[in-house]
Amino acid sequence: MLEEKRPPVLIDKAKIEARIKELAQEISRDYAGKDLVIVGVLKGAFVMLADLVRKIDLPAQIDFIAVSSYGADTKSSGVVSIIKDLDLDIQGKHVLVVEDIVDTGLTLDYLMRSMRARQPASLEVCALLNKPEARKVDLEVKYCGFEIPHVFVVGYGLDYAEQYRQLPYVGILEENAAER
Ligand code: 5GP
């Protein structure tokens, strides 16, 4: 039962909702009049993406990309590959990549390179969570929900071995198995 193993709250539902609303307003202002493509990085970004796009007051195309990163473990393998590519052609479009969390930055760095090669008009990142302490590459997160310390979090789309994604808040996974 999910009830029995509820991770302690780091960021509650109300805070997430308020922050997503602010980000959506900022994005709506910045991309007004532009051809916007919003790219969700599967699977972790699916909850944030669904909440965010419904608050963005602009026409936009939505697409998804899936990458392999941690597998069922919590440690970064440093090996990234695209396992589901975009359906849309992003050349000449303003692309906003929506990611659940930026940790070492290796996953996003790889993705950004791959997308930049397709010559979008612009390419920016919106991430729910950012762990600046863990960063291994230089990477700008233009729209950031929350900066968090170097802990392993789950919920609001983020998993541990495919569990916890449906939690409505961001919680800290306390199990030893998640030690990094
Ligand atoms: P990076 O390449 O930046 O180290 O890691 C990016 C990916 O690792 C994220 O998209 C996410 O899937 C996973 N990840 C990094 N930190 C966490 C965390 O604290 N919790 C969860 N559930 N996944 C994480």
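Note that ligands are numbered from 1 as they come in the structure, with each ligand's atoms numbered from 1 the same way. None of these values were measured; they are calculated from a predicted model.
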**Request:** To the nearest 0.5 Å, tell me how far D100 CG sits from Y156 OH.
**Result:** 11.5 Å

**Complete:** To atom 10 (O) of ligand 1, the nearest of D100, L42, L128 on a heavy-atom basis is D100

**Asked** Are the side chains of E124 and E140 in touch, meaning some heavy atoms are under 4.5 Å apart?
**Response** yes

**Message:** Does the plane of the ring in Y143 sit parallel, tilted or perpendicular to the ring in Y31? Use 30° and 60° as the thresholds.
**Reply:** tilted

**Request:** Report the part of V151 (side chain from C-beta onward, or backbone N, CA, C, O) that has a heavy atom under 4.0 Å from ligand 1; answer both or neither where that applies.
**Result:** backbone

**Request:** With the side chain counted from C-beta on, respond yes when I62 and F64 share a heavy-atom pair under 4.5 Å apart, and no when they do not.
**Result:** yes

**Asked** From I65 CD1 over to M115 CE, what is the distance, rounded to the nearest 0.5 angstrom?
**Response** 4.0 Å

**Request:** Record the part of K131 in heavy-atom contact with ligand 1 below 4.0 Å; permitted values are side chain, backbone, both and neither.
**Result:** side chain

**Message:** Taking a cutoff of less than 4.0 Å between a non-hydrogen atom of the residue and any ligand atom, is F152 in contact with ligand 1?
**Reply:** yes

**Message:** Under 4.0 Å, counting heavy atoms only: does G44 come that close to any atom of ligand 1?
**Reply:** no

**Request:** Kindly confirm or rule out an N or O of D159 lying under 3.5 angstrom from an N or O of ligand 1.
**Result:** yes

**Asked** Checking side-chain contact (heavy atoms from CB on, under 4.5 Å) against E99, which of L129, L128, L49, T107 comes through?
**Response** T107

**Request:** First locate atom OG of S122, then atom NZ of K142, and finally report the distance between them rounded to the nearest 0.5 Å.
**Result:** 8.0 Å

**Item:** Test of proximity, V102 against ligand 1: N or O pairs below 3.5 Å
**Value:** no

**Message:** So if I count the atoms of ligand 1 from 1 in the order they appear, which ones are less than 4.0 Å from some heavy atom of T104?
**Reply:** 1 (P), 2 (O), 3 (O), 4 (O)

**Asked** Is the closest N or O pair between L158 and ligand 1 shorter than 3.5 Å?
**Response** no

**Asked** Counting heavy atoms only, which of V41, V80, V154, I101 comes nearest to atom 24 (C) of ligand 1?
**Response** I101

